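Following: one structure in C-alpha cells, then a few remarks.
Numbering starts at 1 and runs along the sequence shown. Ligands are counted one by one from 1 in listed order, and the atoms in each one are counted from 1 as well. Note that the structure is a prediction, hence the values are computed from the model and not measured.
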Amino acid sequence: MEKKVPGVPSQKLVGGVSPRRGLQKGRPHKARPGKELLTRDASPFRGRGSVLVISAPSGAGKSTLVRRLIASLPDLVFSISHTTRPPREGEKEGRDYFFVTRHRFERMIAAGEFVEWAEVYGHLYGTSKAQIEKALAAGRDVLLDIDVQGYQQVRKRLPEASSVFVMPPSFLELKRRLTHRHSDSPQVVERRLAAARQEISHWPDYDYLVVNDRLSLATQALRAITQAGRFRRQNQAQRAQEICKTFGG
Ligand code: ADP
Ligand code: 5GP
C-alpha cells in the first residue's frame with residue numbers, strides 16, 4: 001500500500017466525542033473534544049482507563065463499527081487524530097480530526113508530542129500523547145482508530161493496550177462494500193484493494209480478530225473486547241494495590 005513506515009513515533013489527541021466521516025466518537029450529542037474528559041472525575045470503581053486500538057483494511061466496516069461501539073459505551077471516548085489531510089466535506093476541526101499543516105505536524109513530531117504517527121495515502125496522521133494520558137487518568141477508555149503502522153508503535157509504547165483487527169468476510173465482499181459506498185472513484189477503490197492485500201497480513205499482530213460479517217455480531221464482539229480490556233491486570237493494578245493496602249500489604 002502507499003503507507004510509509006515512519007522512523008519516529010509521535011502523538012495523538014483524544015476527545016470526548018469525535019466523529020470521523022460523520023461518526024460520533026465519545027458520547028453522542030456531546031461535542032467539544034477533550035472537554036468532557038477533562039472535567040469528568042475518575043470513577044473509584046473504574047480506576048484508570050484502558051486503550052483499545054482498532055485497525056482494518058479500508059471498506060471492512062471499521063467506521064460503521066466504531067460509530068456503533070462509541071454510541072453504546074458511554075465511558076469510551078474516541079481519540080481524535082491530528083492529520084495533514086485536508087478535511088472532507090462535512091468533517092469538522094476538532095471533531096473528526098485536528099487538521100494541521102505539514103510544518104506544524106513535523107514540529108509536533110520533533111517535540112515528541114505523538115504516541116504514534118504514520119504516513120497514510122500521502123498524508124500524516126498522529127495520536128496525541130497528552131490527550132490520551134488525560135483521558136486515561138480521568139478513568140475513560142480510549143479508542144484509537146489507526147492504521148497498522150501506528151499500531152506497531154503503540155504496542156511498544158503502550159503494551160497494556162488491547163488491539164483488534166477487523167476483517168471483511170472475503171476479498172470479494174470488501175470490493176463490493178468499497179464499490180457500493182460510492183465515496184471513491186474506481187481508481188481509488190483499486191488502490192484501497194491493493195493496500196488491503198498488504199494490510200490483511202498483519203492480523204496476527206493483534207490481540208483479537210473480529211470478522212465483520214453480520215454487523216450486530218461484530219459490534220457485540222467489539223463491546224465484549226472493550227469491556228474485557230478494562231479488567232486486564234495492568235488496567236486494574238492501581239485499584240488492586242489500594243485494596244491490598246487495606247490488608248496491610
Ligand atoms: P471503513 O471505515 O472500514 O472504510 P465503512 O464503515 O465506511 O468502512 O463501511 C464500508 C461500507 O460497508 C459502508 O457502505 C457500510 O455501510 C458497509 N458495511 C459495513 N459493515 C457491513 C456489514 N457487516 N455488512 C454489510 N455492509 C457493511
Ligand atoms: P481517513 O483519511 O480515511 O480518515 O483515514 C485513513 C487511514 O488513516 C485509516 O486507516 C485510519 O485508521 C488511519 N488513521 C487515522 N488516524 C490515524 C492516526 O492518528 N495514526 C495512524 N497511524 N493512522 C491513523
### Where ligand 2 meets A118 - atom numbers and elements under 4.0 angstrom, heavy-atom basis
22 (N)

### Query
What atoms of ligand 2 come within less than 4.0 Å of a heavy atom belonging to R85?
1 (P), 2 (O), 4 (O)

### Task
State the atoms of ligand 1, each with its element, that fall below the 4.0 Å cut-off from a heavy-atom position in S58.
4 (O)

### Message
Salt bridge check, K129 against E133: does any charged N sit closer than 4.0 Å to a carboxylate O?
### Response
no

### Task
Could you list the atoms of ligand 2 found under 4.0 angstrom from a heavy atom of R88?
1 (P), 2 (O), 3 (O), 4 (O)

### Query
Would you call D145 and R67 a salt bridge, using N to O less than 4.0 angstrom?
no

### Summary
The option among P168, S63, P57 carrying the non-hydrogen atom nearest to atom 2 (O) of ligand 1 is S63

### Message
Under 4.0 Å, counting heavy atoms only: does A56 come that close to any atom of ligand 1?
### Response
no

### Message
I'd like the name of whichever of I146, D147, V154 reaches closest to atom 22 (N) of ligand 2 through any heavy atom.
### Response
D147

### Query
Got more than 12 heavy atoms from elsewhere within 6.0 Å of CZ, R102?
yes

### Query
Taking the minimum heavy-atom distance to atom 2 (O) of ligand 2, which of Y125, Y97, F98 ranks first?
Y125

#### Entry: Contacting atoms of ligand 2, where contact means under 4.0 angstrom from a heavy atom of G150
22 (N)

### Query
At under 4.0 Å between heavy atoms, which part of K62 makes contact with ligand 2: side chain, backbone, both or neither?
side chain

#### Entry: Per-atom contacts, ligand 1 versus L215 - under 4.0 Å to a heavy atom
20 (N), 23 (N)

### Query
Can you tell me how far CD1 of I80 sits from CG of L144, rounded to the nearest 0.5 angstrom?
11.5 Å

### Query
Relative to the heavy atoms of T64, which atoms of ligand 1 are at a distance of less than 4.0 Å?
5 (P), 6 (O), 9 (O), 15 (C), 19 (C)

### Query
Please walk me through it: do S50 and E160 pass side-chain contact (heavy atoms from CB on, under 4.5 Å)?
CA-CA 8 Å; S50 59; E160 70 280 11; over 6 Å; no

## Note on the structure
Between the CG atom in D141 and the CD atom in Q227, the distance rounded to the nearest 0.5 Å is 9.0 Å

### Query
Which of these, V53, I54, D145, has its nearest heavy atom closest to atom 12 (O) of ligand 2?
D145

### Heavy-atom side-chain contact between V164 and D207 under 4.5 Å
no

#### Entry: Side-chain touch D213/L217, heavy atoms, less than 4.5 angstrom
no

### Query
Hey, does R85 have a side-chain heavy atom less than 4.5 Å from the side chain of E91?
yes

### Polar proximity ligand 2 side, H82 side, N/O cut 3.5 Å exclusive
no

### Query
Do the side chains of F165 and V210 get nearer than 4.5 Å, heavy atoms only?
no

### Query
Side chain, backbone, both or neither: which part of E116 comes within less than 4.0 Å of ligand 2 when only heavy atoms are counted?
side chain

### Query
Looking only at N/O atoms, are R177 and ligand 1 under 3.5 Å apart anywhere?
yes

### Query
Going by heavy atoms, is D213 under 4.0 Å from ligand 1?
yes

### Message
Could you tell me, atom by atom, which parts of ligand 1 come under 4.0 Å of a heavy atom of G61?
### Response
1 (P), 3 (O), 5 (P), 6 (O), 8 (O), 9 (O), 19 (C)

### Message
Testing the 3.5 Å rule here: is there a donor-acceptor pair between the side chains of Y206 and S55?
### Response
yes

### Query
Hey, is H123 touching ligand 2 through its side chain, its backbone, both or neither, going by heavy atoms under 4.0 Å?
neither

### Message
Is there a polar contact, in the sense of an N or O pair closer than 3.5 Å, between G126 and ligand 2?
### Response
yes

### Message
Could you check whether R176 makes a cation-pi contact with F171, meaning its NZ or CZ is under 6.0 Å from the centre of the six-membered ring and within 45° of the ring axis?
### Response
no

